[in-house]
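Keep in mind that what you see is a predicted model, and the values were worked out from it rather than measured.
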Amino acid sequence: MAFELVEFCEPAPKPGEPFAGTSQTVIGTYDVEAEAIAVGRDRWTAIRSDTDNVDVMWWIVRRPGETLARWIADKGSPVEQILDLRTNELMPVRQ
């Protein structure tokens, strides 16, 4: 069963320019969910440490075609979340 890592980005608009919208990029597809999360965690960590980057960004891991994320991380938050498949609620990852 495949899992995809997807990156979303909302670039900060330049003064006087309209909002450009949200871009979505599939970073990769992985056979193992843990591998997709590890790659996502690395990207999230690297971009969170880039203080010059003012974009709103987040990453999710899901099965291709699904709308529910199994893992989510937001550039602006130090908290990773996972989907509780019993309740379909996002829960903080316990480290």
Problem - For Glu66, all residues meeting salt bridge (charged side-chain N to carboxylate O under 4.0 Å, His left out), sequence neighbours excluded - result: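 By the salt bridge (charged side-chain N to carboxylate O under 4.0 Å, His left out) rule, Glu66 matches Arg70.
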Handout entry: Partner set under salt bridge (charged side-chain N to carboxylate O under 4.0 Å, His left out) for Glu33, not counting sequence neighbours
Key = none
Identify the two heavy atoms, one from [X] and one from [Y], that lie closest to each other, and give their separation to 0.1 Å.
X	Y	value
Pro92	Val79	CB-CG1, 4.0 Å
Pro11	Gly21	CD-O, 3.6 Å
Thr29	Ala2	CG2-CB, 3.6 Å
Trp58	Thr22	CH2-CG2, 3.8 Å
Arg48	Lys75	NE-O, 3.0 Å

Practice task
Following the transitive rule for hydrophobic clusters with a side-chain heavy-atom cut-off under 4.5 Å over Ile, Leu, Val, Met, Phe, Trp and Tyr, establish whether Val32 and Val93 coincide in one cluster.
Solution key: no
Practice task
Kindly check if the number of other-residue, nucleotide or ligand heavy atoms within 6.0 Å of CG (Asp42) is above 12?
Solution key: yes
Practice task
Please list, chain by chain and in numerical order, all residues satisfying side-chain contact (heavy atoms from CB on, under 4.5 Å) with Gln24, sequence neighbours excluded.
Solution key: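 If we apply the side-chain contact (heavy atoms from CB on, under 4.5 Å) test to Gln24, skipping adjacent residues, the hits are Val6, Phe8, Arg62.
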Practice task
Would you give the length of the straight line joining atom CD1 of Ile60 to atom CD of Glu7, rounded to the nearest 0.5 angstrom?
Solution key: 11.5 Å
Practice task
With Glu80 as reference, evaluate Trp44, Trp71, Trp59 under the side-chain hydrogen bond (donor to acceptor under 3.5 Å, both in side chains) test and give the passing residue.
Solution key: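 So the option named by the test is Trp71.
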Exercise for the section: Report yes if the side chains of Phe3 and Glu35 come closer than 4.5 Å at any heavy-atom pair, otherwise no. Expected result: no
